[in-house]
Amino acid sequence: MKRMEEKILREGKVLPGGILKVGSFLNQQIDTAFLKEMAREIAGLFRDCGVTKVMTIEASGIAIAAAVGMELGVPMVFAKKHKTSNVDGSVYSSTVHSFTHNTDYHIVVSSDYLLPGDNVLLVDDFLANGNALKGLLDLANQAGARVAGVSAAIEKGFQGGGDELRAMGIRVESLAVIDAMDDTSITFRS
Ligand code: 5GP
């Protein structure tokens with residue numbers, strides 16, 4: 001998505017440690033007009049796939065996932081983060097290693113909201129090593145749900161998570177894929 005690449009070049013800031021800061025439109029302040037554009041683009045890619053639910057992880061994926069759900073006319077479910085795996089009720093849970101915080105955390109979703117008949121579109125703000133999305137994939141597998149595909153607003157292709165998921169046969173659609181970046185330049189995959 002050309003508009004996403006332009007937005008990243010205009011507003012993104014590359015921080016040490018391979019982090020791209022996009023607080024002006026995606027991670028702290030949300031550019032709501034642009035959110036709608038992103039959501040329309042993602043929804044357009046998966047419109048004919050019979051998606052029954054969009055799923056993400058709190059907190060940074062919620063805005064974009066909800067907007068995609070609105071475009072597709074389906075519910076959005078977000079996995080909650082828990083420090084321990086002690087959760088009550090009937091839930092699916094998985095462990096995710098956080099790239100940005102360098103810690104492990106548990107994600108849980110109630111079995112009431114993820115059903116064996118679901119066809120789930122997994123959405124997140126960033127796809128880096130792919131651990132967050134692999135955690136969501138694990139939850140969908142535990143529920144016996146199908147996964148229509150994965151979509152990230154921004155994929156950091158140089159970390160390899162997106163290509164790993166593609167190699168697993170999963171459809172991955174990212175609005176922009178960054179193949180290299182430093183504090184002077186950002187290169188997108190063509
Ligand atoms: P992964 O699990 O694919 O390594 O990382 C994905 C998660 O880490 C995303 O949900 C996102 O919140 C966070 N993340 C990874 N890389 C970046 C980055 O460069 N910038 C920001 N703002 N978040 C990132």
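Keep in mind that this is a model prediction, so the values were computed, not measured. Residues: numbered from 1 along the sequence shown. Just follow the structure's listing: the first ligand is 1, and inside any ligand the first atom is 1.
Hydrophobic clustering places Leu137 together with Ile57 (ILVMFWY residues linked when any side-chain heavy atoms are closer than 4.5 Å, directly or through intermediates). Residues Val54 and Val77 fall into different hydrophobic clusters, defined by Ile, Leu, Val, Met, Phe, Trp and Tyr side chains chained together at heavy-atom separations under 4.5 Å.
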For ligand 1, list every N/O pair with the protein closer than 3.5 Å, one pair per line with the distance.
{"from": "ligand 1", "atom 1": "2 (O)", "to": "Asn131", "atom 2": "N", "distance (Å)": "3.1"}
{"from": "ligand 1", "atom 1": "2 (O)", "to": "Ala132", "atom 2": "N", "distance (Å)": "2.8"}
{"from": "ligand 1", "atom 1": "3 (O)", "to": "Ala128", "atom 2": "N", "distance (Å)": "2.8"}
{"from": "ligand 1", "atom 1": "3 (O)", "to": "Asn129", "atom 2": "N", "distance (Å)": "3.2"}
{"from": "ligand 1", "atom 1": "3 (O)", "to": "Gly130", "atom 2": "N", "distance (Å)": "2.7"}
{"from": "ligand 1", "atom 1": "4 (O)", "to": "Asn129", "atom 2": "N", "distance (Å)": "2.8"}
{"from": "ligand 1", "atom 1": "10 (O)", "to": "Asp124", "atom 2": "OD2", "distance (Å)": "2.9"}
{"from": "ligand 1", "atom 1": "10 (O)", "to": "Asp125", "atom 2": "OD1", "distance (Å)": "3.3"}
{"from": "ligand 1", "atom 1": "12 (O)", "to": "Ser60", "atom 2": "OG", "distance (Å)": "3.2"}
{"from": "ligand 1", "atom 1": "16 (N)", "to": "Lys156", "atom 2": "NZ", "distance (Å)": "3.0"}
{"from": "ligand 1", "atom 1": "19 (O)", "to": "Leu20", "atom 2": "N", "distance (Å)": "2.8"}
{"from": "ligand 1", "atom 1": "19 (O)", "to": "Lys156", "atom 2": "NZ", "distance (Å)": "2.7"}
{"from": "ligand 1", "atom 1": "20 (N)", "to": "Leu20", "atom 2": "O", "distance (Å)": "2.8"}
{"from": "ligand 1", "atom 1": "22 (N)", "to": "Leu20", "atom 2": "O", "distance (Å)": "3.4"}
{"from": "ligand 1", "atom 1": "22 (N)", "to": "Asn27", "atom 2": "OD1", "distance (Å)": "2.8"}

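Taking 4.5 Å as the limit, every side-chain heavy atom of Leu26 sits out of range of all side-chain heavy atoms of Lys7. At a threshold of 4.5 Å between non-hydrogen side-chain atoms, the residues Met76 and Val68 do not count as touching.
For the pair Ser90 (side chain) and Ser111 (backbone), a donor-acceptor distance under 3.5 Å is absent.
For residues 54-66, the set of pairs meeting the side chain to side chain donor-acceptor pair (under 3.5 Å) definition, not counting sequence neighbours, comprises Ser60-Asp125.
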